[in-house]
Amino acid sequence: MGFFLEVLIGGLLAGVLYSLVALGFVLIFKASGVFNFAQGAMVLTAGLALVRALDVFEQWHWPFGLALLSAFAFAAVIMAIIAWMVERLVLRKLVNQEDIILFMATIGITFFLEGLAQTLFGADVYPLNVGLPKDPIFLLESLFDGGILVNELDIWAAVAAGLLVAGLALFFQRTRIGRALRAVADDHAAAQSVGIPLNQIWFIVWLVAGLVALVAGAVWGSKLGVQFSLSLLALKALPVLILGGFTSVPGAIIGGLIIGAGEKLAEVFLGPSMGGGIEIWFAYVVALLFLLFRPQGLFGERIIERV
Amino acid sequence: MGAESRLPLQPGEAEGVASANVLDVANIEVIYNHVILVLKGVSLSVPEGAIVALLGANGAGKSTTLKAISNLLLAERGEVTKGKIHCRGERVDGLTPNDLVRRGVIQVMEGRHCFGHLTVEENLLTGAFIHGRRRQQIADDLEKVYHYFPRLKVRRASQAGYTSGGEQQMTAIGRALMSRPNTILLDEPSMGLAPQLVEEIFEIVKNLNEREKVSFLLAEQNTNVALRYAHRGYILESGRVVLDGDAADLRENEDVKEFYLGIGGEGRRSFRDVKHYRRRKRWL
Ligand SMILES: Nc1ncnc2c1ncn2[C@@H]1O[C@H](COP(=O)(O)OP(=O)(O)OP(=O)(O)O)[C@@H](O)[C@H]1O
Ligand SMILES: [Mg+2]
């Protein structure tokens, strides 16, 4: 039992990261109907900007706290510039084109970002230390023999992700811009008709997705080092989206947790009897089953129809 | 508002900067998708403080005309290819919908288009988007909207997607009011509503027109109701204005009676078979 919980918790914590990437997708998809293939590349870019800026500031012997804050600010500015360029140079030109054309455009953005980020910031594996402890800790030692082993970093990652999601929820529910974003997600044309400028909304939503990518990049980076494989996270987010539904923020979060926990549990408990390696394809098989039996996902859009 | 000021200006006067018309549409042509010609030279004007009805059958081009003015056309790959649109003497074709809302011209779209997942009150608040953070003003305006639509106050916390058709129409009009418009382009408010509710909505339109001095350009298929509340009317057929005049005159017009009010005459199909109304080519 203790071991099961240990695997489960480890999986859920890994799932938090899938959730973060999927969340970036959902935000952009809801607000602009664009399937943003570049979300993974944005995680890579944000992570690289963060780690390289932090290295530089530390070389300048800035105090760690200041260096860390400045590095986050630098990366956030980079994400804002990307959001601005995407809106100006891509979305604005392609407005009202078919969805598939916009999707292709985001594939273009992916390659562009991957190339640009690695040219500007380098293409190695950069270990990232944002000051979070990495020690393994034991929980509930009184209940289970030997307790449950978890990585402290994972817990901090989950806390960071939780705070981010809570912050986003507040932003969407309580602010004027958040309300406008939800309005655009519901009905583009009507939002335009009341004077909400879509260009501005698209910029904001790409910026928010960029900041989500920054958090994801920081967390993954501190776990595994910032490296090119972050860009491939986008591929893991796909099954999460199919599971959670493309338009549902809670769906992205819960879908990520389910996939994360599911693949770890499957690996540990089914792996031995099936020759292992389940973790790699588990998510995609789950996604396939969902496509067959529940294509709208767990939290697929409740379509309100009333004439 | 005196009755005189509602008379439209004569052709020559519209060129001046200080027009008494809130809207002057001169001979516009609209093409969708670069190929489909839908409006073939439509001219109309909305005098300050007037309710002007734009009438015609399905597909006549009423909605297209309104969207050409508010420039929601752009989002549907439509384009004004000829003609001019002036708002209070200022050329406005080519501006964005946001620019027009800032100038006080706002469209309430056909089919209401409420934000289904937002509450009624949130829907209303989105209408104040251009007013940013002026909290006091927005709170006052909200109260005013609830004053005109008491039913919305009761339903303020309901998700708009689950309210009735009439409540959605009220929400859509209320939302537009929150932008503090001087002109509302109202597209088929009667669509799918019971006669009594249609009457209620039009009464409110009349109230808003008289008390808040809002001018209306009103697209309607319900000719009967529209001509009772409007001051002037234009009749569109296949993208052309075939007849226009004071609402009272239009109500008495034999052809209007026959084709749009369903009274008298039989057998003839279209205006064209009856009489050839030469389009008055104004402001060319
Ligand atoms: N986005 C579009 N693309 C192509 N054609 C369009 C588009 N929108 C409208 N049309 C065409 O333009 C013509 C006029 O349409 P419009 O919606 O303006 O008519 P309407 O008078 O408002 O009719 P209704 O009373 O049915 O609302 C129709 O023939 C319609 O098929
Ligand atoms: Mg119409």
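Just so we're on the same page: letters track the sequence lines, and every chain starts at 1.
Interface remark: T96(B) contributes no atoms to any contact with chain A (heavy atom separation under 4.5 Å). Looking at L185(B), neither its backbone nor its side chain comes within 4.5 Å of chain A, counting heavy atoms on both sides. Heavy atoms of A185(A) lying under 4.5 Å from chain B are absent altogether. Both the backbone and the side chain of A75(B) come within less than 4.5 Å of a heavy atom in chain A.
Other residues, nucleotides and ligands place no more than 12 heavy atoms under 6.0 Å from the CZ atom of F112(A). By the neighbour-count criterion of 12 heavy atoms within 6.0 Å, atom CZ of F103(A) is densely surrounded, having more than that number from other residues, nucleotides or ligands.
For D187(A) (side chain) and F115(B) (main-chain N/O), no donor-acceptor pair under 3.5 Å exists by modelled atom type.
The minimum heavy-atom distance linking Q192(A) with P97(B) is given by the pair O-CB, 3.5 Å. Taking all atoms of both residues into account, the shortest heavy-atom contact from V194(A) to T126(B) is CG2-O, 3.9 Å. Here the closest heavy-atom approach between residue N98(B) and residue G195(A) is recorded as ND2-O, 2.7 Å. Taking all atoms of both residues into account, the shortest heavy-atom contact from R176(A) to F129(B) is NH2-O, 2.8 Å.
When each of V108(B), I130(B), L118(B) is scored by its heavy-atom pairs under 4.5 Å with chain A, the top score falls to L118(B). Note on A176(B), G132(B), G111(B): by heavy-atom pairs under 4.5 Å with chain A, the leading option is G132(B).
Within residues 54-73 of chain B, the residues approaching chain A closer than 4.5 Å by heavy atoms are, in numerical order, L72(B).
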Distance-only check: which donor-acceptor pairs under 3.5 Å involve side-chain atoms of residues 32-41 of chain A, not counting sequence neighbours?
{"unit_1": "S32(A)", "atom_1": "OG", "unit_2": "I28(A)", "atom_2": "O", "d": "2.8"}
{"unit_1": "N36(A)", "atom_1": "OD1", "unit_2": "A38(A)", "atom_2": "N", "d": "2.9"}
{"unit_1": "N36(A)", "atom_1": "ND2", "unit_2": "Q39(A)", "atom_2": "OE1", "d": "3.4"}
{"unit_1": "Q39(A)", "atom_1": "NE2", "unit_2": "A209(A)", "atom_2": "O", "d": "3.4"}

